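Here is the structure we will look at, set down as structure tokens.
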Amino acid sequence: MRTTQFHLQTRKETPADAEVISHQLMIRTGMLSRLGSGLYNWTPLGLKVLRNIEKIVREEMDKAGCLEMIMPTIQPAGLWEETGRWDKYGDLLLKIKDRAGRDFCFGPTHEEVITDFARKEIKSYKQLPITFYQIQTKFRDEIRPRFGVMRAREFLMKDAYSFHLSTDCLKETYAKIHQAYCNIFERIGLTYRPVEADSGEIGGTGSHEFHVLAESGEDAIAYSTGSDYAANVEKCEVLAPTKPRPEATQELEIVDTHHKKSITEVADFLSISPKKLIKTLLVEGVDGPVALVLRGDHELNEIKANNLPEVAAPFTLLEDDAIKKVALCDAGSIGVKDLNCTIIVDRAVTIMSDFVTGANENDKHLTGVNWERDASYGQVADLRNAKAGDPSPDGKGKIKIARGIEVGHIFQLGDTYTQSMNAVVLNEQGKSQHMTMGCYGIGVSRVVAAAIEQNHDEKGIVWPQQIAPFTVAILPMNMKKSERVKQAANDLYNELKALGVDVIIDDRKIRPGVMFADAELLGIPHHITIGDRSLDEGEVEYKSRKEMENVRIKQSDIVGHIQSLLEA
RNA sequence: CGGGGUAUAGCGCAGCCUGGUAGCGCAACUGCUUUGGGAGCAGUGGGUCGGGAGUUCGAAUCUCUCUACCCCGACCA
């Protein structure tokens, strides 16, 4: 490609509304332009990267035996009513009507469509197992789209769906796709982790997320220092403490804590550690309110709470008036002593003694509280988020926390959808049987942003070679004046192009500084500078975008040099 | 959804308080000079001042209203 034949529109200034670095760089390079909230144009430059990722994804899916197809983006409401998701999916679902007033939605995902397809097409166990996939645009009406294509409303997704007769067969395909995903992120050149995940709204049993590690990640990942264990913090189990509960040494006392409400305020006021406090959260329960009790410095894990049978889904904290009814005081002074509702305590709370809790009376707290003597709880559960230093759930090593960007998620769905949509096949005995399903997603457009988050420096993007918009940039110095430079640059350009290298030559009549700055901003992995200065010695200059060091190379060796770099 | 903020040339912003028909930097275009790290000089083009209504002789500026976009919020217990 010649720069003058391409659409290259870089910016020096960072747009005001771009928060994260990937968004800023995607705008500055001109890969992306915004059309509306969460809606973006992919320019020819940006599309090249997107297509490179798509190609790798497609190749690995094909290799894993998956079959590509395309499904409509617009889906009839009827299918969503069958699974109950027309209402359950909530406002994320963009609903539209056609001219006849019939209801449709813009597909945020395609379980309904594929299950409908499967129930029409798959009649016999002999056709199983089978996996279909597509790479296409989805729309989710996100509460708050942000960070450019990281959380856009319209985005490009690869989604795959597998169908099976048995759970064992599902597990086999699941493992195969797990491996395909590892291959994909490996090939793209990203530092990633597959982590155990909560299967959430979609339902089913096994589930893994694939995270690209980056500080700006929206998710926290817990991983072990002593094994391969890795899980989303939402999912990471916190083991019961092994230490015994210390003996009570203090007498129960009621203290006036004035207007101190939060854990930190009360701890500061009493000059003790938040670890000596417990916090009591009142939530909606299935059968009346439920109190969830945590150590002061611990964080409630809402997913874990939501999964408790006693807690009403979706997880909801009680409103102020309801709190007053149960605890007889305002939030801020709730405590476990004589609290008239189901009390579920976190594992860590069971070994606390001489602790501080709200007195169920405004502006009062109790100190020197001890279990059994002063208060009791109904049951114990794992309620809190794992944190650095906790023992790993598999017993090996300790937990560390990293930030990750979720770029893939695979689920063993089971028969949730095939039951509700009645997707059956005849088994070997000639009997009707519901198929069991798996589903597997990759946020293709999000991978672009994640790759930038992980690979950039102060000059711009540093693309992993496999997905770079161009592999090699030829930067001729003063080509308009020096016939010799022009000749050498064009010869090299043609030679690399003939070898199938995705090369761009900057043939604009611009000053060298601009040329260098653009090539660096764009993050092209290999730069070749050609100027009279080095040509005098029969040489050109090579610079790797990553290393940023100029190396003189004989003109006759440069093609071979590039080839060896590309093979590596 | 609740709270806050913004909307003026492609981008980043000033002007608004105190009303008089719009300006700066970057980008773009032309010319000359410059030519190995985002150049200099001279010039040019480009704006229904987010939409609508109102007040006024006169509105980017004041009032009302609508819309779009951005930020924060679901851990006070």
Side-chain angles (χ1 to χ4, degrees), chain A residues 8-19 23-24 27-28 30 33-39 90-91 141 143-148 257 259-266 274 277-283 289 291-302 305-306 314-320 322-324 326-336 339 356-365 383-385 459-460 475-482 485 506 508-521 527 529-536 540-541 543 548 550:
Chain A
L8 197 61
Q9 199 60 46
T10 58
R11 281 171 230 286
K12 270 196 250 186
E13 286 170 284
T14 304
D17 59 356
E19 289 263 302
H23 187 196
Q24 293 172 0
I27 300 292
R28 284 193 53 206
S33 90
R34 200 177 65 86
L35 180 64
S37 178
L39 304 172
D91 291 331
D141 200 355
I143 300 174
R144 185 135 85 88
R146 58 185 139 174
F147 306 151
T257 38
H259 299 301
K260 305 295 183 278
K261 287 186 175 178
S262 70
I263 290 289
T264 46
E265 281 170 359
V266 175
L277 271 72
I278 62 173
K279 54 179 161 191
T280 311
L281 290 84
L282 293 174
V283 304
L292 303 176
V293 182
L294 293 151
R295 203 171 81 186
D297 60 322
H298 287 160
E299 282 179 10
L300 175 70
N301 180 315
E302 284 190 21
N306 208 20
F315 175 89
T316 320
L317 288 165
L318 287 198
E319 302 285 338
D320 290 348
I323 291 174
K324 207 143 198 172
V326 180
L328 312 170
C329 66
D330 293 324
S333 300
I334 309 174
V336 289
L339 186 61
V356 175
T357 172
N360 294 327
E361 187 183 336
N362 278 348
D363 299 332
K364 299 261 198 277
H365 279 74
L383 287 179
R384 71 173 174 97
N385 280 335
K459 304 254 185 201
L475 310 176
M477 297 292 102
N478 205 7
M479 182 164 79
K480 304 288 171 194
K481 284 264 175 67
S482 170
V485 168
D506 201 336
R508 290 176 297 179
K509 190 186 172 198
I510 50 171
R511 301 172 63 84
V514 181
M515 212 179 258
F516 291 134
D518 271 353
E520 283 153 7
L521 177 64
H527 302 179
T529 307
I530 298 180
D532 282 316
R533 205 184 271 181
S534 56
L535 285 182
D536 283 342
V540 297
E541 288 157 73
K543 184 176 77 184
M548 289 294 275
N550 266 311

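Bear in mind the structure is a predicted one, so any value in this text is a computation, not a measurement.
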- Message: Between P on B/C13 and NZ on A/Lys12, what's the gap in Å once rounded to a whole number?
- Response: 17 Å

- Quickly work out the A/Arg508 CZ to B/G37 P distance and round it to whole Å. 16 Å

- Query: Whom does B/C76 pair with, Watson-Crick or G-U wobble, provided both distances fall under 3.5 Å?
  - Reply: none

If you restrict it to nitrogen or oxygen atoms, what contacts under 3.5 Å exist between nucleotides 28-35 of chain B and the protein, and what is each distance?
residue, atom, partner, partner atom, Å
B/U34, O2, A/Arg511, NH1, 2.5
B/U35, O2', A/Asn478, ND2, 3.4
B/U35, O4, A/Lys481, NZ, 3.2

- Message: Nearest whole Å is fine: how far is B/A27 P from A/Asp518 CG?
- Response: 12 Å

- Item | For A/Lys480, salt bridge (charged side-chain N to carboxylate O under 4.0 Å, His left out) partners two or more places apart | none

- Message: Distance check needed: B/C70 C1' versus A/Arg34 CZ, whole Å only.
- Response: 9 Å

- If B/A68 has a Watson-Crick or G-U wobble mate with both distances under 3.5 Å, name it; if not, just say none. B/U6

- Message: Checking base pairs now: Watson-Crick or wobble, both atom distances under 3.5 Å. What partners B/G46?
- Response: none

- Of A/Gly36 and A/Phe516, whose nearest nucleotide on RNA chain B comes first from the 5' end? A/Phe516

- Taking a pair to mean Watson-Crick or G-U wobble geometry with both distances below 3.5 Å, B/G31 pairs with B/C41

- Hey, what do you get for CG (A/Leu383) to CD (A/Glu302), rounding to the nearest 0.5 Å? 11.5 Å

- Tell me the partner of B/U55, counting only Watson-Crick (N1-N3 plus N6-O4 or O6-N4) or G-U wobble (N1-O2 and O6-N3) with both under 3.5 Å; none if nothing fits. none

- Item | Pair assignment for B/G36, Watson-Crick or G-U wobble, requiring both distances under 3.5 Å | none

- With sequence neighbours left out, the residues meeting salt bridge (charged side-chain N to carboxylate O under 4.0 Å, His left out) with A/Arg508 are A/Asp506, A/Asp518

- Task: Take atom C1' in B/A27 and the same atom in B/C13, then report the distance between them in whole Å.
- Result: 14 Å

Just the table, please: protein N/O against nucleotides 73-77 of chain B N/O, every pair under 3.5 Å.
residue, atom, partner, partner atom, Å
B/C75, OP1, A/Glu302, OE2, 3.4
B/C75, OP2, A/Glu302, OE2, 3.4
B/C75, O2, A/Lys279, NZ, 2.8
B/C75, N3, A/Leu300, N, 3.2
B/C75, N4, A/Leu300, N, 2.2
B/C75, N4, A/Leu300, O, 2.3
B/C76, O2', A/Lys261, O, 3.3
B/A77, OP1, A/Ile263, N, 3.0
B/A77, O4', A/Gly332, N, 3.2
B/A77, O3', A/Thr280, N, 2.7
B/A77, O3', A/Thr280, O, 3.3
B/A77, O2', A/Thr280, O, 2.8

- Side-chain N or O of A/Ser37 closer than 4.0 Å to phosphate OP1/OP2 of B/A68: no

- Query: Rounded to the nearest Å, what distance is computed from the CG atom of residue A/Leu8 to the C1' atom of nucleotide B/G38?
  - Reply: 14 Å

- Test side-chain hydrogen bond (donor to acceptor under 3.5 Å, both in side chains) applied to A/Asp141 - qualifying residues, sequence neighbours left out: A/Arg153

- Rounded off to whole Å, could you give me the CG-to-C1' distance for the A/Asp506 and B/G36 pair? 14 Å

- Task: Hunt down the Watson-Crick or G-U wobble partner of B/C24, both distances under 3.5 Å, from any strand shown, or write none.
- Result: B/G12

- For atom P, what is the distance between B/U21 and B/G38, given to the nearest Å? 41 Å

Short N/O separations, protein against nucleotides 5-11 of chain B, under 3.5 angstrom:
none

- Task: Using whole Å, report how far CG of A/Leu35 lies from C1' of B/A68.
- Result: 12 Å

- Query: In whole Å, what separates the C1' atom of B/G3 from that of B/C16?
  - Reply: 25 Å

- Distance between the P atoms of B/G31 and B/G15, in whole angstroms? 37 Å

